[in-house]
Asks: 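Sharing a structure here in structure tokens format.
Throughout, protein chains are lettered first and strands after them, A, B, ... in sequence-line order, and every chain is numbered starting at 1.
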Protein chains: 2
Amino acid sequence: MKIKKEIIDHSTEEKIKNAARKVFTQKGYAGTKTRDIAEEAGINLALLNYYFRSKEKLFDIIMLESFQEFMRSMISVFNDEKTSLEKKIESMVSNYIDLLIIQPDIPLFVLSELRNNPNELIKKMSLDNNLMKSFFMKQIQQAIKDEKISDISPVHFFMNMMSLTVFPFVASPMLKNLGGLNQEEFDKLMQQRKKLIPKWIKAIMKVK
Amino acid sequence: MKIKKEIIDHSTEEKIKNAARKVFTQKGYAGTKTRDIAEEAGINLALLNYYFRSKEKLFDIIMLESFQEFMRSMISVFNDEKTSLEKKIESMVSNYIDLLIIQPDIPLFVLSELRNNPNELIKKMSLDNNLMKSFFMKQIQQAIKDEKISDISPVHFFMNMMSLTVFPFVASPMLKNLGGLNQEEFDKLMQQRKKLIPKWIKAIMKVK
DNA sequence: GTAAAAATTAAACAAATGATTAAATATGTT
DNA sequence: AACATATTTAATCATTTGTTTAATTTTTAC
């Protein structure tokens with residue numbers, strides 16, 4: 001029975017995790033009450049502590065998973081030594097936007113919680129993936145050397161790619177309102193950006 | 001005495017507001033305890049309610065001010081009918097980055113609190129400034145018509161400008177870590193972006 | 001089938017937290 | 001100086017909130 005439950009993803013533990021992910025992502029750590037999670041999961045409040053010991057430990061699990069999801073689109077692409085710089089940008093932007101259309105709240109959640117914890121997660125982050133030493137960065141530096149792109153800190157290019165891709169989702173409530181867009185229209189723009197951003201990045205890289 | 005206090009900006013009311021701005025901006029509404037504010041302000045806890053009735057009313061004041069500050073750099077520039085599109089972009093980016101270097105936490109604060117309140121502030125926002133009907137947008141549409149820039153939704157251009165300018169500050173803890181930058185190096189990159197972003201925007205606008 | 005183990009529940013606890021009260025002090029007015 | 005008003009303080013209240021406990025039910029192992 002327990003096994004069956006887990007297979008069909010309905011075990012109590014999973015229900016709590018899914019509810020926690022939803023509520024934490026929406027309201028942040030401080031704004032989330034353990035009773036919110038219990039209600040969302042449809043379980044008794046005590047089960048949260050039974051399975052996860054404390055709100056904080058549960059949060060750490062959710063946060064780590066969200067952060068890894070936030071990073072995965074990047075990492076998987078960055079160290080691939082077979083693809084060109086151009087292809088890397090294309091697939092990274094495309095992967096990211098696909099993820100963000102489904103889970104638009106992850107970046108704001110991760111970034112706002114990261115602000116309060118300049119400690120643990122950041123450490124895990126810097127150990128797992130040294131962006132500056134990735135094959136992606138080497139490719140950029142090589143392209144600069146070959147004068148194929150302009151001689152600006154590679155960090156700028158990385159910032160630009162992330163900015164153009166992620167920021168619209170972080171600022172979506174504001175942008176939808178300012179631009180007079182409903183969700184559907186917003187998503188349509190995001191779909192367009194999958195093809196546009198790589199072109200824009202290419203153009204940016206050539207600015208002297 | 002009261003008058004003098006207010007002039008030199010040391011009245012109790014101002015002390016509370018300044019402390020509240022600092023703590024709210026750092027920790028968000030839910031993460032802020034009224035006792036944190038009182039301690040930061042060096043005042044008795046009861047004075048917070050004496051002057052501002054409640055935590056929520058105090059927050060509303062801070063939030064509105066922060067939001068207006070977040071918007072000001074934009075609005076002041078957008079409806080100026082005398083400056084060119086190019087000049088508008090230059091001054092908007094420059095104003096924004098100057099503001100953000102001094103107050104880097106405003107965007108993440110505003111955006112993350114906006115997520116929970118798709119109600120009041122958003123209404124105030126849309127009333128005050130109809131971005132889509134601004135002179136800035138008319139200039140973009142005209143430029144598209146004149147085939148000076150590519151025919152893409154003007155919202156994209158606005159998103160791009162905001163993304164390239166604001167996102168690095170929203171993601172600064174992550175970017176500093178991934179890029180191996182200290183605060184000084186980060187600020188130096190931001191200074192560079194004041195001149196770079198307008199060039200990049202121009203390049204983007206011409207991408208077919 | 002039965003006993004042990006695991007899962008679930010209702011109730012309660014202790015600490016935190018936003019707010020209030022009543023007394024004390026400071027300030028302004030005449 | 002004397003009174004009224006405004007400000008400040010310490011103490012307290014009522015609720016919320018994270019967690020625990022002890023009893024009950026369900027599942028597992030033999």
Asks: Find the distance B/Leu47:CG to C/dT21:C1' and express it as a whole number of Å.
Replies: 14 Å

Asks: Show which side-chain atoms of residues 33-42 of chain B pair as donor or acceptor with protein atoms under 3.5 Å away, not counting sequence neighbours.
Replies:
unit_1  : atom_1 : unit_2  : atom_2 : d
B/Lys33 : NZ     : B/Ala30 : O      : 3.2
B/Asp36 : OD2    : B/Lys33 : N      : 3.1
B/Glu40 : OE2    : B/Lys22 : NZ     : 3.1

Asks: Give a yes/no on whether any side-chain N or O of A/Thr12 is located under 4.0 angstrom from OP1 or OP2 of C/dA7.
Replies: no

Asks: In terms of side-chain heavy atoms, does A/Lys194 have a donor or acceptor partner in A/Gln191 at a distance below 3.5 Å?
Replies: yes

Asks: Can you tell me the distance, in whole Å, between the CZ atom of B/Phe52 and the P atom of D/dT7?
Replies: 12 Å

Asks: Could you check whether atom CD of B/Glu86 has more than 12 heavy atoms from other residues, nucleotides or ligands sitting under 6.0 Å from it?
Replies: no

Asks: In whole angstroms, how far is the P atom of C/dA10 from the CD1 atom of A/Ile43?
Replies: 12 Å

Asks: In whole angstrom, what separates A/Asn44's CG from D/dT19's C1'?
Replies: 12 Å

Asks: Given D/dG18, D/dT20, D/dT9, identify the nucleotide with an atom nearest to the side chain of A/Lys55.
Replies: D/dG18

Asks: Without decimals, in angstroms, what is the distance between A/Leu48 CG and D/dT20 C1'?
Replies: 13 Å

Asks: When you measure from the centre of the six-membered ring of B/Tyr29, is the NZ or CZ of B/Lys55 closer than 6.0 Å and no more than 45° off the axis?
Replies: yes

Asks: Is the closest basic N to carboxylate O distance between B/Lys176 and B/Glu185 below 4.0 Å?
Replies: no

Asks: Can you tell me how far C1' of C/dA16 sits from CG of B/Leu45, to the nearest Å?
Replies: 12 Å

Asks: Specify the separation, in whole Å, of atom OH of A/Tyr51 and atom C1' of C/dT9.
Replies: 13 Å

Asks: Taking the basic N atoms (NZ, or NE/NH1/NH2) and the acidic carboxylate oxygens, is any pair closer than 4.0 Å for B/Lys87 and B/Glu90?
Replies: yes

Asks: Going by number, which of residues 29-42 of chain B have a non-hydrogen atom under 4.0 Å from DNA chain C?
Replies: B/Thr32, B/Lys33, B/Thr34, B/Arg35

Asks: Roughly how many Å is it from OH in B/Tyr50 to C1' in C/dT20, rounded to a whole number?
Replies: 14 Å

